[in-house]
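Structure first, then comments.
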Amino acid sequence: MLDLSRFGPEQRRAVLAPDGPLLIVAGPGSGKTTVLAARIAYLIVSRQIPPTSILALTFATKAARELKARLGGLLGEAGLAVDAMTFHAFGLRVARQWSEELGFGLTPPVVYGDHDARALLLDALTRADVPVGNRPFAEWLATVTRLRLTTDGKSPDDTTQAVIRGYEALLRRRGAIDYPGMLALPLRLFRERPLALRLYQDAYRYILIDEFQDVCGAQYELLRLLAERHRNLIAVGDPRQALYGWRGADVRLLERLQRDFPGTQVVSLDQNFRSTAQIVRLANALAEPLGSYPPLWTDNPSGTRAVLFTATDEQQEAAFVAEEIVRLESERVTS
C-alpha cells in the first residue's frame, strides 16, 4: 500500500490524478522527485500498470539513477523494471534498434563525443569548400546543432544545408551518431515510419518527463508523438527555473502542451520543504518579474539573512563559495 500520509494536498492530487495529460508546476524544493516516484508507484501498485509500460525521461544521468533508486526502494524489482533514462539514452536505444532503417546497416552506430563530432564537422566544412576563417567555428557548431534539431519548418540557407548533409553523410559512413543525432534520428524515424512509432506508443502507455521547462523543440515533438495515442503524458516543470534557452529550450512549450493536449490537468506544488523562509522570500522576489505564478511558501524557520556577494569573475565566485563551505562546515563541527 502506498503511504501518502506525509504528502501535502497538492502533492496527493498529483500522485492520484486520473488518466490523461497532467502538468505539475513544481517550484524548487517542493519534492517533485518524490512526487514523480510516488506517481509511478501509484500507477504500478494501485492501478496495476505493468512497470515496463512506463517511460520516465530526465535530462541528466544522475537524475535518472536517483529516480530509479527511489523506485527500487518503493517497489523493489517492479520499480527497477521501469524505463527511467535520459532523453539521449532513449534516442540512442531507438537508433540502435532501427539502425538499418536509419542508414547505418546492420551494425548499431557508435557514439561520437564532442571531440570527434567537432573534427567531423570541420571535415564537412572543408569538403563543402566553406572558408572556416570567415565565420567562427563555434558559431558553425551551434548553428548546425540548432538546425538539425529544429521543428519549426525553417530551412537553412544552401551553404549551411550542404554542410549539414555532408556532416550527416560522414556520420553514417563512419557508423556513428552524435548527441544531437540521438534526438534528430528517432524523430525522423517516427515521422517517416508510422509503424515504428506505433510500436513505441503501444509499448509505453505512460510517459513522464522531468524538468519539462528545459525541453527543446525536438524533445517536445518526440514526447508529443509518443504520447498522442494514450494521452497519458505527465510533465513536471517550472518556467521560473528555465536555464537552457541558449541550447533551444523554450518555456512556451508549457503552454503548447496544454494546447496540443486539451483537458490537461494542472497541479501546482508551491510548498518549499528544503529552504529557510528567508531564502523562499528572496526567491519569490527574484522570480516576480518572470510572470504571475503562485509564490512559494514554507513552514521552515526564518533562518539567517541572505548575503549578496558580487564576484568579478567565475574564479572569484568559486573561491567565495568554497570558503563559505569550509567556514560553515567548521562552525557545524565545533557547535
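Positions are given from 1, in the same order as the sequence printed here. The basis for the numbers below is simple: all heavy atoms, side chains too, and nothing from hydrogens, waters or symmetry mates.
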*asked:* The criterion is side-chain hydrogen bond (donor to acceptor under 3.5 Å, both in side chains); which residues satisfy it with R148, sequence neighbours excluded?
replied: E168, D178

*Is any side-chain heavy atom of R6 closer than 4.5 Å to a side-chain heavy atom of Q11?*
no

*To the nearest 0.5 Å, how far apart are CD1 in I209 and CZ in F87?*
3.5 Å

*Within-4.5 Å side-chain heavy-atom neighbours: V267 and L23*: no

_Test side chain to side chain contact (heavy atoms under 4.5 Å, CB included) applied to L183 and H88, step by step_ = CA-CA 7 Å; L183 302 177; H88 288 85; 4.0 Å; yes

*Considering only Ile, Leu, Val, Met, Phe, Trp and Tyr, and joining two whenever side-chain heavy atoms are under 4.5 Å apart, list the other residues clustered with L286.*
L282

_A side-chain contact here means heavy atoms from C-beta on lying under 4.5 Å apart; do V130 and W140 qualify?_
yes

*Ignoring hydrogens and geometry, is there a side-chain-to-backbone donor-acceptor pair from D210 to F59 under 3.5 Å?*
no

*Between the main-chain N or O of P295 and the side-chain N or O of N284, is there a donor-acceptor pair closer than 3.5 Å?*
no

*Kindly state each residue pair satisfying salt bridge (Lys or Arg N to Asp or Glu O under 4.0 Å) with at least one member in residues 45-63, sequence neighbours excluded.*
D19-R47

*Set of residues satisfying side-chain hydrogen bond (donor to acceptor under 3.5 Å, both in side chains) with respect to R188, sequence neighbours excluded*: none

*If only atom types and distance count, is the side chain of Q241 paired as donor or acceptor with the main-chain N or O of G237 below 3.5 Å?*
no

_Run the ring-ring contact (aromatic ring centres under 6.0 Å, His included) test against Y204 and tell me which residues pass, sequence neighbours left out._
none

*Sorted by first residue and then second, give each salt bridge (Lys or Arg N to Asp or Glu O under 4.0 Å) pair with at least one member in residues 95-122; sequence neighbours left out.*
none

_I want to check something: taking the side chain as every heavy atom from C-beta on, are L225 and Y200 in contact at a cut-off of under 4.5 Å?_
no

*Residues in salt bridge (charged side-chain N to carboxylate O under 4.0 Å, His left out) with E139, at least two apart?*
R135

_Side-chain (T145) to main-chain (L141) donor-acceptor, under 3.5 angstrom_ = yes

*Taking only residues at least two apart or on different chains, which pairs with a member in residues 297-319 satisfy salt bridge (Lys or Arg N to Asp or Glu O under 4.0 Å)?*
none

_Could you go through R256 and D250, starting from their C-alpha distance and side-chain angles, then the distance that decides it, and tell me whether this counts as salt bridge (charged side-chain N to carboxylate O under 4.0 Å, His left out)?_
CA-CA 10 Å; R256 182 179 167 186; D250 189 348; over 6 Å; no

*In sequence, state the C-alpha distance, the side-chain angles, and the governing distance for D238 and F212, and then conclude on side chain to side chain contact (heavy atoms under 4.5 Å, CB included).*
CA-CA 7 Å; D238 181 4; F212 183 82; over 6 Å; no

*For the pair R224 and E221, find out whether any cationic side-chain nitrogen is under 4.0 Å from an anionic carboxylate oxygen.*
yes

*What residues, two or more places apart in sequence or in another chain, satisfy side-chain hydrogen bond (donor to acceptor under 3.5 Å, both in side chains) together with Q213?*
E211

*Backbone N or O of I54 within a donor-acceptor pair of the D83 side chain at under 3.5 Å?*
no

*R65, CZ: over 12 other non-hydrogen atoms inside 6.0 angstrom*: no

*R13 vs F7, side chain to side chain contact (heavy atoms under 4.5 Å, CB included): CA-CA, chis, key distance, verdict*: CA-CA 10 Å; R13 274 190 63 205; F7 282 50; over 6 Å; no

*asked:* Less than 4.5 Å apart, side chain to side chain, heavy atoms only: is that true for L4 and L16?
replied: yes

*Is the shortest heavy-atom distance from the side chain of I234 to the side chain of I207 under 4.5 Å?*
no

*For L102 and L189, run side chain to side chain contact (heavy atoms under 4.5 Å, CB included): C-alpha distance rounded to whole Å, both residues' side-chain angles, the deciding distance at 0.1 Å, then the answer.*
CA-CA 7 Å; L102 289 170; L189 175 75; 4.0 Å; yes

*Can you name the side-chain hydrogen bond (donor to acceptor under 3.5 Å, both in side chains) partners of Q161, sequence neighbours left out?*
none

*Given side chains that start at C-beta, do those of R70 and T33 come closer than 4.5 Å, heavy atoms only?*
yes

*Among residues two or more places apart or on two chains, list those pairs meeting salt bridge (Lys or Arg N to Asp or Glu O under 4.0 Å) that have a residue in residues 121-132.*
D123-R127, D123-R174

*Applying ring-ring contact (aromatic ring centres under 6.0 Å, His included), name anything that partners Y112, two or more places apart in sequence or on another chain.*
none

*asked:* Please check this pair: side chain of S330 against backbone of V326, looking for a donor-acceptor N/O pair closer than 3.5 Å.
replied: no

*Any side-chain heavy atom of L22 sitting closer than 4.5 Å to one from N232?*
no

*Could you walk me through whether E323 and R327 pass the salt bridge (charged side-chain N to carboxylate O under 4.0 Å, His left out) check?*
CA-CA 6 Å; E323 290 168 3; R327 182 182 66 79; over 6 Å; no

